[in-house]
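Below is one structure; the comments refer to it alone.
Chain identifiers are assigned alphabetically (A, B, ...) following the order of the sequence lines, protein sequences preceding nucleic acid strands; residue numbering begins at 1 within each chain.
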Number of protein chains: 2
Amino acid sequence: MKRDSRLSGVLHVLLHMAEQDGPVTSEVLAKAMDTNPVVVRRVMAGLREQGLVRSEKGHGGGWTIARPLDGITLRDIYDALGGPSLLAMGHRTEAPGCLVEQAVNAALGRAFHDAEGLLLARFGEVTLAMLSADFHARMTARPLGRKEIDHG
Amino acid sequence: MKRDSRLSGVLHVLLHMAEQDGPVTSEVLAKAMDTNPVVVRRVMAGLREQGLVRSEKGHGGGWTIARPLDGITLRDIYDALGGPSLLAMGHRTEAPGCLVEQAVNAALGRAFHDAEGLLLARFGEVTLAMLSADFHARMTARPLGRKEIDHG
DNA sequence: GATCATGTACTATTTGAAGTTACATGAAGC
DNA sequence: GCTTCATGTAACTTCAAATAGTACATGATC
């Protein structure tokens, strides 16, 4: 099962943006994430629709965070990505006629549902400000050169 | 993201086996799961190695459950499948040098770890006997013809 | 109007499960 | 002992979903 790393990636990008004053271009962000600018724009498009970030064209354009960091939770970002599936496992048949399969689905479904709920609740508790604070704490503990901050 | 349905599938098969007296062939199980006999054998091979099921060749051969139903938990079966990944999301980089990414991984990692723990704990609490009992309760509530029991 | 940056449609690549084919191994029945 | 039935397993193909990448349009600034 291939794991979706968009949430991880977009958080990386947002924290890098938070360290910059002005707008940051897709190209710079792509370089920091070791990917393609189009991939960045595609992911960021969802965040823009939810009002989490802004984009501007032309000279001096790029991406900026639209709200205070403590006003954005991981849940907001997850939702802006379209709420991708959290679990790697699922039912073989979604609405089976077979009673055996219904019993299986019921048992697994409860576990799956609760695990998803746990994850979403956690996401809702964590803000970008907390992540940023954690980052700065790590910076203080082990300062790095500028290059390693821009990308590691 | 494509979801892994092997756990769901193998549970379906095991409960069908539990309803039969003698051994059941891969071909019959495959028909019930609407798949290929080789796929069944592949999945069952893992369970056999863990001593959950037995297989016999030749006339009258096939698969049988090797332990009492209340002695097999979903966790046992999950492990026998090789412990496939439970979550559809993961870190972009597993051991990043970038402090930003370290902060991101730390926050997400805690949530992921706890969600996986919850799922595994649930799996450990549920036995095949419980699923079988649930199935029979559904049977009583809405009896079906033989054909619909063999497969739905 | 030249340049820079986003917006997006379209295509290619990748990845892992699932499905399939083919054949070897071994057990029961005659 | 030979036929039949069933598993064991390797190798290959198919399939679906996501990411990556290309090409070009749109719009803003200099």
Residues 108-118 of chain A, side-chain donor-acceptor partners within the protein, below 3.5 Å, at least two apart:
residue	atom	partner	partner atom	Å
A/Asp114	OD2	B/Arg122	NH1	2.9
A/Asp114	OD2	B/Arg122	NH2	2.4

To the nearest angstrom, the NZ-P distance between B/Lys31 and D/dA6 comes to 11 Å
On a heavy-atom basis, the closest approach of A/Ser132 and A/Leu15 is N-CD2, 4.0 Å
Mind checking A/Arg54 for me? I need base, sugar-phosphate or nothing, with any heavy atom below 4.0 Å counting as a touch. nothing
Looking only at heavy atoms, the pair that brings A/Val10 and A/Met44 closest together is CG2-SD, 4.2 Å
Could you give the side-chain donor-acceptor pairs of residues 50-73 of chain A under 3.5 Å, partners two or more places apart or in another chain?
residue	atom	partner	partner atom	Å
A/Ser55	OG	A/Arg48	NH1	3.3
A/Trp63	NE1	A/Ser26	OG	2.9
A/Arg67	NH2	A/Gly71	O	3.1
A/Thr73	OG1	A/Arg75	N	3.3
A/Thr73	OG1	A/Asp76	N	3.1
A/Thr73	OG1	A/Asp76	OD2	3.3

In whole angstrom, what separates A/Met17's CE from C/dA5's C1'? 14 Å
Can you measure B/Met89 atom CE to D/dT19 atom C1' for me and round it to whole angstrom units? 14 Å
Going by the rule side-chain contact (heavy atoms from CB on, under 4.5 Å), which residues pair with A/Val24 if we only count those two or more places apart in sequence or in a different chain? A/Met17, A/Gln20, A/Val28, A/Leu29
A/Ser55 side chain, from C-beta outward: closest of C/dG7, D/dA20, C/dA18: C/dG7
Could you work out how much the helix from C/dG1-D/dC30 to C/dC30-D/dG1 bends, comparing the axis of its first five pairs with that of its last five, to 10°? 0°
Would you classify A/Arg6 as touching base, sugar-phosphate or nothing, given that sugar-phosphate means primed atoms plus P, OP1 and OP2, and contacts are heavy atoms under 4.0 Å? sugar-phosphate
May I have the distance from A/Leu86 (atom CG) to D/dA18 (atom P), rounded to whole angstrom? 13 Å
Measure the distance from CZ on A/Arg42 to P on D/dT22 and round it to the nearest whole Å. 12 Å
With heavy atoms under 4.0 Å as the rule, sort A/Ser5 into base, sugar-phosphate or nothing. nothing
D/dG8 P sits how many Å from B/Glu27 CD, rounded? 15 Å
Just N and O in the side chain of A/Thr25: are any of them under 4.0 Å from OP1 or OP2 of C/dA5? no
For D/dT7, does either OP1 or OP2 sit under 4.0 Å from a side-chain N or O belonging to B/Ser26? yes
In whole angstroms, the gap separating P of D/dA18 from CG of A/Leu7 amounts to 15 Å
On a heavy-atom basis, the closest approach of A/Asn36 and A/Ala30 is C-CB, 3.6 Å
B/Ser85 and A/Met89: which non-hydrogen atoms are nearest, and at how many Å? O-CG, 4.2 Å
How does protein contact run along nucleotides 21-30 of chain C, one letter per nucleotide 5' to 3', with B for base contact, S for sugar-phosphate only, - for none, heavy atoms under 4.0 Å? B---BBBB--
Kindly give the heavy-atom pair with the smallest separation between A/His12 and B/Cys98, and that separation in Å. NE2-SG, 3.5 Å
For B/Leu47 versus B/Ala80, what's the shortest heavy-atom pair and its separation? CD2-CB, 3.3 Å
Distance, rounded to the nearest Å, where A/Leu29 contributes CG and C/dA5 contributes C1': 12 Å
